[in-house]
Amino acid sequence: MNNLIKNPGELKKFKNKRFKFIVSSRNIRPDVSLIDYLKVNYVFIQLSQIQNVFGSVTINSRLYGGRMYEQSRSMTESHVKELYDKNIGISLNLTNHFFDMESYKSSLPLLEKFHSPKNSLIITNDELAKNIKKDFPGYTIKASIIKNINTISRLEKALELYDYVTLPMDLNDEDEFLGRIPQKDKVILFANANCAYTCPARTCYYGFSQYNRGEKMTSFCSKNKIDRLEQGPVFFNIEKLAEMGFTYFKLVPLFYKKAEVVTQKSSWSKKTSSPHHKNPDVYIVSYPKSGRTWLRFILANYFNLLYKLNLDVDLYNFFNILPNDSKDDIKGEHAYRYDNRPDMPLILFSHKEMSRLKEPHGKIVFLIRSPYDIMVSDFFQQTQHIKCYNGNIKQFIRDEKRGINRLCEFYNNWGEKLDNKNTFVLSYEELLQDTQDVAGKLLCYLDLSFEKKLLELSINNSGFERMQDIEKEKGFPSDNAYDINNNEALRMREGKQNRYNKYLDKEDVDYIKNMLHQKLNKNVMELFIKHKSLQ
């Protein structure tokens, strides 16, 4: 027998006030309101029924489990504040299989920060639970589904340590077992489920624990090894379960990818009403790793003040003001929010060759940087951040499709346009030397209002350390998960000039120098020298 809902119309019964829920924040993003996310993903319940939202926060911990930790898909401080304002707590997924005192001590700042009676911890390891009970008695602690508590004796033993126990969702179908449970008010049942409902092994959780500890994964999804019944997303008849005495339920977002898009649109609907997209007014072009993130951040802060956008500018929402020349929903033109603001220019950032731009004859801003520093920065980008290259730095700079040869081809493609009077060229080195002067000249070239005090404030708000802190707290919208604790993997990696000698030996420097003299157009070389990108 199963206790599944057959008719989706029965979901309206979930709004019964006697039911309380703990719900997942899976795949939340820093630029999406968590309250909007909850309303979209859990439209079939009321916000007032939610006791806790479970997941991770942007402070990393080796104690996390259940999923691979991604800072950019974790709850930010702003999200937590949203919940607190609605009298909803958070529940941290400290469900790692493994426990050691070193990991525990390194997680103390996290545990101290959220130590409150409104918050709870979901735990798999009993040693961790005992330490929490002793050191942080204010938390409610909940035994995870990963403990696989599937007998009455195991349940009773667990309740000697834990405040609540979450049972595996397949036990929702065992009426006889559920009826024998003595402390039903201390048990959490799943109200819906996906693959874990019919999975006989749940081996992925062990692998996720290894990953979050920085260890090699040896355990993976068992789908291709063990036969299972694939039922897809399911909902349980919680009204029947409530008649047995259970009223506390857990929910996961079964359609979170679709809902995430809906959430964005619902959040932006008041800001973007025009069905027609603006044509780009300006392109800001650069070779990868030339410093455009910093330039974009300065301009985004300036636009935020100049046009009174009232944003807390970060490494997500600055794409809403200054998107890439792409169709990406998060970083590209589709992310742009201000179609209905004729006073605001649409400036697209691009790494494309001149022939691939849609409007190559419009205004062009070209950002250049020392090829030596670019090579080092691009190496770390591709090996640590994107993780698409496995060679060493010597191999990288000599790789025809990735290294200095590619850089020369890119600049040569733009050679004629760079010498054009309608193209504004600036360098990362000039921007570092006199940020306000160079940024001010750029604003004048763009025919934008130049407010000196606003620019000063924007530059102060765009310091490297502040941007790095924002990335570590909120993340950066990357196509790959990257280690936020590894400075070499960050987008905001170092932010300095002429640091290449730290990574390149004389042989490497000479190789790059010879390639530049052999392959780079003369006028491009002169431009590098003029703008202090080459000595």
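Throughout, numbering of the chain's residues begins at 1 and tracks the sequence.
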Asker: Tell me whether Asn212 contacts the main-chain N or O of Met68 through its side chain, where contact means a donor paired with an acceptor under 3.5 Å.
Answerer: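 Checking the backbone N and O of Met68 against the side chain of Asn212, no donor-acceptor pair under 3.5 Å is found.
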Asker: Under a 3.5 Å distance rule, please check whether Ser209 uses its side chain to pair with a backbone N or O of His97 as donor and acceptor.
Answerer: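 A pair under 3.5 Å: yes.
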Asker: In terms of heavy-atom contacts, does CG of Asn148 have more than 12 from other residues, nucleotides or ligands at under 6.0 Å?
Answerer: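 More than 12 heavy atoms, drawn from other residues, nucleotides or ligands, come within 6.0 Å of this atom.
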Asker: Checking the side chain of Ser103 only, and the main-chain atoms of Phe99 only, is there a donor and an acceptor separated by less than 3.5 Å?
Answerer: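 Looks like no, no N/O pair under 3.5 Å.
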Asker: Less than 4.0 angstrom from a charged side-chain N to a carboxylate O is my criterion; do Arg213 and Asp100 meet it?
Answerer: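 So Arg213 pairs with Asp100 through a salt bridge.
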Asker: Between Thr166 and Ala143 (side chain of the first, backbone of the second, donor and acceptor by atom type, cut-off under 3.5 Å), is there such a pair?
Answerer: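 Yes.
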Asker: Just wondering, do Phe235 and Phe44 contact through their side chains at under 4.5 Å, heavy atoms?
Answerer: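 A side-chain contact under 4.5 Å exists here.
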Asker: Ignoring hydrogens and angles, tell me if any N or O in the side chain of Asn237 forms a donor-acceptor pair with the backbone of Leu4 under 3.5 Å.
Answerer: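 Checking the backbone N and O of Leu4 against the side chain of Asn237, no donor-acceptor pair under 3.5 Å is found.
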Asker: Does Tyr162 form a side-chain hydrogen bond (donor to acceptor under 3.5 Å, both in side chains) with Asp126? I'd like the steps, not just the answer.
Answerer: CA-CA 9 Å; Tyr162 296 89; Asp126 289 349; 2.7 Å; yes
Asker: In sequence, state the C-alpha distance, the side-chain angles, and the governing distance for Phe136 and Phe114, and then conclude on ring-ring contact (aromatic ring centres under 6.0 Å, His included).
Answerer: CA-CA 10 Å; Phe136 299 95; Phe114 297 104; over 10 Å; no
Asker: Can you measure from CG (Leu299) to CZ (Arg292) and round to the nearest 0.5 angstrom?
Answerer: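 Atom-to-atom, Leu299:CG and Arg292:CZ are 12.5 Å apart.
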Asker: Using side chain to side chain contact (heavy atoms under 4.5 Å, CB included) as the criterion, point out the one residue from Leu309, Ile321, Asn320 that pairs with Arg337.
Answerer: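 Among the candidates, only Asn320 passes.
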Asker: Quick one: CD on Glu156 to CD on Glu160, what's the gap to the nearest 0.5 Å?
Answerer: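 Separation between the atoms: 8.5 Å.
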Asker: Is it true that atom NZ of Lys6 has more than 12 heavy atoms of other residues, nucleotides or ligands lying nearer than 6.0 Å?
Answerer: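 Yes, enclosed.
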Asker: State whether the side chain of Asn304 and the backbone N or O of Asn310 hold a donor-acceptor pair below 3.5 Å, judged by distance alone.
Answerer: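 Checked: pair present.
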Asker: How long is the gap from NZ on Lys113 to CG on Leu111, to the nearest 0.5 Å?
Answerer: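 Interatomic distance, Lys113 NZ to Leu111 CG, rounded to 0.5 Å: 12.5 Å.
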Asker: With the side chain counted from C-beta on, respond yes when Phe177 and Leu167 share a heavy-atom pair under 4.5 Å apart, and no when they do not.
Answerer: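 They are in contact (side-chain heavy atoms under 4.5 Å apart), so the answer is yes.
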Asker: If you define the side chain from C-beta out and look only at heavy atoms, does anything of Lys327 sit under 4.5 Å from His334?
Answerer: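 Yes - at least one pair of side-chain heavy atoms lies under 4.5 Å apart.
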Asker: Within the 3.5 Å criterion, strictly below it, is a donor on Ser120 or Thr140 matched to an acceptor on the partner's side chain?
Answerer: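 No, no side-chain donor-acceptor pair sits under 3.5 Å.
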Asker: Return the NZ to OH distance between Lys118 and Tyr84, rounded to the nearest 0.5 Å.
Answerer: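 The distance works out to 6.0 Å.
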Asker: Might you work through the side-chain contact (heavy atoms from CB on, under 4.5 Å) test for Arg180 and Leu155, ending with a clear yes or no?
Answerer: CA-CA 11 Å; Arg180 289 191 292 113; Leu155 174 60; over 6 Å; no
Asker: Are Asn131 and Met101 side-chain neighbours, meaning at least one heavy-atom pair lies under 4.5 Å?
Answerer: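 Yes - at least one pair of side-chain heavy atoms lies under 4.5 Å apart.
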Asker: If I take atom OG from residue Ser462 and atom CD1 from residue Ile470, how far apart are they, to the nearest 0.5 angstrom?
Answerer: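 Interatomic distance, Ser462 OG to Ile470 CD1, rounded to 0.5 Å: 8.5 Å.
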Asker: What are the two closest heavy atoms between Ile298 and Ser458, and how far apart are they?
Answerer: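 Between these two residues, the closest heavy atoms are O-CB, 3.8 Å.
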Asker: Do Tyr69 and Asn93 have side-chain atoms, one donor and one acceptor, less than 3.5 Å apart?
Answerer: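 Per modelled atom types, Tyr69 and Asn93 side chains form no pair under 3.5 Å.
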Asker: Apply side-chain hydrogen bond (donor to acceptor under 3.5 Å, both in side chains) to Gln210 and Thr218, showing your working.
Answerer: CA-CA 8 Å; Gln210 293 173 313; Thr218 61; 2.8 Å; yes
Asker: Could you tell me whether a side-chain N or O of Asn52 sits under 3.5 Å from a main-chain N or O of Leu92, the two making a donor and an acceptor?
Answerer: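 Checking the backbone N and O of Leu92 against the side chain of Asn52, no donor-acceptor pair under 3.5 Å is found.
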Asker: Between the main-chain N or O of Leu322 and the side-chain N or O of Arg296, is there a donor-acceptor pair closer than 3.5 Å?
Answerer: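 Yes; judged by distance alone, with no hydrogens or angles, the pair exists.
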Asker: I would like to know whether Lys133 and Asp163 meet salt bridge (Lys or Arg N to Asp or Glu O under 4.0 Å); could you show each step before the answer?
Answerer: CA-CA 10 Å; Lys133 277 280 191 182; Asp163 299 305; 3.3 Å; yes
Asker: Of Lys142, Gln51, Lys186, Lys184, which is the lone residue that meets side-chain hydrogen bond (donor to acceptor under 3.5 Å, both in side chains) with Tyr248?
Answerer: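 One option only clears the test, and that one is Lys142.
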Asker: Does Asn301 reach the main-chain N or O of Leu457 with its side chain, forming a donor-acceptor pair under 3.5 Å?
Answerer: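 Not confirmed, Asn301 side chain does not pair with Leu457 backbone.
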Asker: Can you tell me if Asn390 has over 12 outside heavy atoms packed within less than 6.0 Å of its CG?
Answerer: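 Atom CG in Asn390 is not crowded, with 12 or fewer foreign heavy atoms closer than 6.0 Å.
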Asker: Minimum heavy-atom separation for Ser286 and His351, please, with both atom names.
Answerer: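 Ser286 and His351 have their closest heavy atoms at O-ND1, 2.7 Å.
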Asker: For the atom pair CG (Asn150) and CG (Leu171), what is the distance rounded to the nearest 0.5 Å?
Answerer: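 So the gap between those two atoms works out to 6.0 Å.
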Asker: Does Lys130 come within less than 4.0 Å of Glu127, counting only side-chain N to carboxylate O?
Answerer: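 Answer for the salt bridge query: yes.
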Asker: Looking at Arg466 and Asn461, would you say the former's side chain and the latter's main chain have a donor-acceptor pair under 3.5 Å?
Answerer: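 Yes, the answer is positive, given that a donor and an acceptor are paired below the 3.5 Å cut-off.
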Asker: Do Phe246 and Ile238 make a side-chain contact, defined as non-hydrogen atoms from C-beta onward lying under 4.5 Å apart?
Answerer: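 Sidechains of Ile238 and Phe246: no contact.
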Asker: Looking only at heavy atoms, what is the nearest atom pair of Leu346 and Pro323, with distance?
Answerer: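 Minimum heavy-atom contact is CD1-CG, 4.0 Å.
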Asker: Is there a side-chain contact (heavy atoms from CB on, under 4.5 Å) between Lys13 and Ile5 once you walk through the steps?
Answerer: CA-CA 11 Å; Lys13 297 178 181 178; Ile5 285 176; over 6 Å; no
Asker: Could you tell me whether the side chain of Asn125 reaches within less than 4.5 Å of the side chain of Phe98, counting heavy atoms only?
Answerer: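 Phe98 does not reach Asn125 side chain to side chain.
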Asker: Which pair of heavy atoms, one from Glu82 and one from Leu34, lies closest together, and at what distance?
Answerer: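 What the structure gives for the nearest pair is OE1-N, 2.9 Å.
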Asker: Centroid separation under 6.0 Å, is that true for the rings of Phe236 and Phe249?
Answerer: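 Ring centroids of Phe249 and Phe236 are no less than 6.0 Å from each other.
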Asker: Give the intermediate values and the outcome of side-chain contact (heavy atoms from CB on, under 4.5 Å) for residues Tyr64 and Leu110.
Answerer: CA-CA 11 Å; Tyr64 284 136; Leu110 168 69; 3.9 Å; yes
Asker: Just wondering, more than 12 heavy atoms not from Glu112 lying within 6.0 Å of its CD?
Answerer: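 More than 12 heavy atoms, drawn from other residues, nucleotides or ligands, come within 6.0 Å of this atom.
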Asker: Does any part of the side chain of Ile45, heavy atoms only, come nearer than 4.5 Å to the side chain of Val23, both counted from C-beta?
Answerer: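 The answer is yes, as the side chains (C-beta and beyond) meet within the 4.5 Å cut-off.
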Asker: Kindly indicate, with the supporting measurements, whether the criterion side-chain contact (heavy atoms from CB on, under 4.5 Å) is fulfilled by Thr383 and Phe396.
Answerer: CA-CA 10 Å; Thr383 56; Phe396 179 81; 5.8 Å; no
Asker: Can you name the closest pair of heavy atoms from Gly138 and His115 and give their distance?
Answerer: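 Residues Gly138 and His115, closest heavy atoms: N-NE2, 2.8 Å.
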Asker: Are Asp135 and Tyr104 close enough that some pair of their side-chain heavy atoms sits under 4.5 Å apart?
Answerer: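 Yes, at least one pair of side-chain atoms sits under 4.5 Å.
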Asker: How far apart are the closest heavy atoms of Phe303 and Met344, and which atoms are they?
Answerer: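 In this case the closest contact between Phe303 and Met344 is CD2-CE, 4.4 Å.
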Asker: Measure from NZ or CZ of Arg402 to the centre of the six-membered ring of Tyr389 and say whether it is under 6.0 Å with the direction within 45° of the ring axis.
Answerer: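 Here Arg402 fails the 6.0 Å and 45° test against Tyr389.
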Asker: Where does the angle between the aromatic ring planes of Phe21 and Phe14 fall among parallel (under 30°), tilted (30 to 60°) and perpendicular (over 60°)?
Answerer: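 Taking Phe14 first and then Phe21, their aromatic rings lie parallel (interplane angle under 30°).
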